[in-house]
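Report on one structure; see the data block that follows.
Treat the numbers as computed from the prediction; the structure is a model and nothing was measured. When reading the values below, keep in mind they use all heavy atoms of this one structure, side chains included, and skip hydrogens, waters and symmetry mates.
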Amino acid sequence: MRRDHGPVVPVELPGGFPAWLVIGYRELHQVTNDPKLFPRDVGLWNQWPKVPADWPLRPMVGQRMPSIYFTAGAEHLRHLAMVEPALEAVDPFELRRHAEEFADRLIDRFCARGTAELVADYAMLLPVLVLARIIGFPDEEGPEIARGLNALADGGPDAIEAQMRVTGNMQRLLAAKRERPGADVTSRMLAHPEPFSDEEYVLDLMAITAAGHLPTADWIGNSVRLMLTDDRFAASLGGGRHSVGEAMNQVLWEDTPTQILAGRWAARDTQLGGCHIQAGDMLLLGLGAANGDPEIRQAAGFDALGGPGSGGRSFHDGNSAHFSFSYGEYRCPFPAQEIAEVIARTGIEVLLDRLPDIDLAVPAQTLVRRPSAFLRGMSVLPVQFTPAPTAGGY
């Protein structure tokens, strides 16, 4: 794409709908840093009159609704002012304790077998169980939230029903916290001085949970896969925690869970990367592609394997200038990024502490990704290890 089109690529979505895929680092920075010219206002899309009601990408593209994810301008900032402080008040030490507890519970289910499938048995469960607790759900409801969100992510025939179930769960949680507030995200949102409607609260709670679940699950899976398959990390795998942070950062640069975001819409005719963008055109944010822009690597004086004298270490060590959490006004809120990092890192560290000789149970070249252009995660990650005792007490 770079060779044939440069940093901005004309693409066609299923159904013949045109869009622009932004894969240049500088161009993506320009788009995400200019919310007036490129707002996240899906209602601007000039193709809506042609889009059928059953278009399969409707859920991914979204529609105008009063939530933090699908509002723009002052209305988006209004939601952000309520959601961000509620997330910021999450105690990182308490969050880590929650993550350790659930990680131990999940590992206890398979540690005595000597084998596990880490996507279904672990990575796809841990984030949502922790998120459900900090949002305010009783622990016994966590598995149901996990099943609903995973069904939504799969986009299968039960996705709509799952969405209705999760919505109902959020509505009941809202009513419960109005009657009995607690030290949780939902109660803090309700305590915000500016009133919001029940629909707004529910949609924001769903956005927090959904956006924090699958990318964090894939961050865990992709990081463990990297540590099990890449020689740069294999030597220190036995040490467990030493290389976890490096692997996680490497994943955000080279294997980011969110590859493409839809998106932004041009508020007026403009030029971008040598292309003429018309008012109402959709821009797909190529987060993964921009992270791999060779111009950025060359400008920094690094090649794909590492810097001069790096000994094979990644040039990304300590560098967090990636687009994995997007950028600008609509980036993932910083408290949400920190919550995701604590959950993912804790999950990986506990796994390596409990199962120090973990290894792939299949050849690395047979591993496959979920079939999605937007999200990048493993379909399965089968592993083997020496059977270990349960942590006990759960």
Donor-acceptor contact present, side-chain [X] to main-chain [Y], <3.5 Å:
X: Ser243; Y: Glu246; result: no
X: Gln384; Y: Thr115; result: no
X: Asp108; Y: Ala391; result: yes
X: Asn291; Y: His322; result: no
X: Asp230; Y: Leu226; result: no
X: Asn169; Y: Ile145; result: no
X: Glu75; Y: Ala72; result: no
X: Ser324; Y: Leu252; result: yes
X: Thr209; Y: Leu205; result: yes

Under a single-linkage definition using a 4.5 Å side-chain heavy-atom cutoff for Ile, Leu, Val, Met, Phe, Trp and Tyr, are [X] and [Y] assigned to the same hydrophobic cluster?
X: Met282; Y: Leu57; answer: yes
X: Leu126; Y: Leu95; answer: yes
X: Leu80; Y: Ile135; answer: yes
X: Leu173; Y: Leu149; answer: yes
X: Val166; Y: Ile68; answer: yes

Which atom pair, heavy atoms only, marks the closest approach of [X] to [Y]?
X: Ala217; Y: Ala123; answer: CB-O, 3.0 Å
X: Ala183; Y: Arg188; answer: C-NH1, 3.7 Å
X: Arg105; Y: Asp139; answer: NH2-OD2, 4.1 Å
X: Glu84; Y: Pro333; answer: OE2-CB, 3.8 Å
X: Leu28; Y: Leu285; answer: CD1-CD2, 3.6 Å
X: Pro18; Y: Trp45; answer: O-NE1, 4.3 Å

Heavy-atom side-chain proximity of Leu87 to Ile134 below 4.5 angstrom: no
Would [X] count as a cation-pi partner of [Y], with NZ or CZ less than 6.0 Å from the six-membered ring centre and within 45° of the ring normal?
X: Arg172; Y: Phe137; value: no
X: Arg109; Y: Tyr122; value: no
X: Arg40; Y: Phe38; value: no

Stepwise side chain to side chain contact (heavy atoms under 4.5 Å, CB included) test for Gln271 and Ile277: CA-CA 6 Å; Gln271 295 285 323; Ile277 311 296; over 6 Å; no
Euclidean distance, [Y] [atom2] relative to [X] [atom1], rounded to 0.5 Å:
X: Leu106; Y: Glu101; atom1: CG; atom2: CD; answer: 10.5 Å
X: Met227; Y: Leu360; atom1: CE; atom2: CG; answer: 12.5 Å
X: Thr216; Y: Gln337; atom1: OG1; atom2: CD; answer: 10.5 Å
X: Met206; Y: Met170; atom1: CE; atom2: CE; answer: 6.0 Å
X: Met378; Y: Met124; atom1: CE; atom2: CE; answer: 13.0 Å
X: Phe102; Y: Thr346; atom1: CZ; atom2: OG1; answer: 13.0 Å

Taking [X] first and then [Y], would you say they form a salt bridge - that is, a charged N and a carboxylate O separated by under 4.0 Å?
X: Lys36; Y: Glu329; value: no
X: Asp41; Y: Arg64; value: yes
X: Asp104; Y: Arg354; value: yes
X: Glu349; Y: Arg345; value: yes
X: Asp218; Y: Arg225; value: no
X: Arg133; Y: Asp184; value: no
X: Arg97; Y: Glu100; value: no

Residues Asp359, Val383; criterion side chain to side chain contact (heavy atoms under 4.5 Å, CB included); working and verdict: CA-CA 5 Å; Asp359 198 4; Val383 295; over 6 Å; no
Ring geometry between Phe323 and Tyr327 (parallel below 30°, tilted from 30 to 60°, perpendicular above 60°): perpendicular
Heavy atoms from other residues, nucleotides or ligands near CE of Met65 exceed 12 (cutoff 6.0 Å): yes
With Leu190 via side-chain contact (heavy atoms from CB on, under 4.5 Å) - residues at least two apart: Leu174, Lys177, Arg178, Thr186, Tyr201
Selection residues 4-25 - residue pairs positive for side chain to side chain donor-acceptor pair (under 3.5 Å), sequence neighbours left out: Trp20-Asp281
Test log, rule side chain to side chain contact (heavy atoms under 4.5 Å, CB included), inputs Leu118 and Ile358: CA-CA 11 Å; Leu118 286 185; Ile358 192 170; 3.9 Å; yes
Met248: which of Ile220, Ile348, Asn222 passes side-chain contact (heavy atoms from CB on, under 4.5 Å): Ile348
side-chain contact (heavy atoms from CB on, under 4.5 Å) partner of Leu284, chosen from Ile23, Val9, Leu13: Leu13
Criterion side-chain hydrogen bond (donor to acceptor under 3.5 Å, both in side chains) on Ser379 and Arg370, from CA distance to verdict: CA-CA 5 Å; Ser379 293; Arg370 284 199 311 276; over 6 Å; no
Residues Ser67 and Asp204: side-chain donor-acceptor under 3.5 angstrom: no
Aromatic ring proximity, centroids under 6.0 angstrom, Phe196 and His79: yes
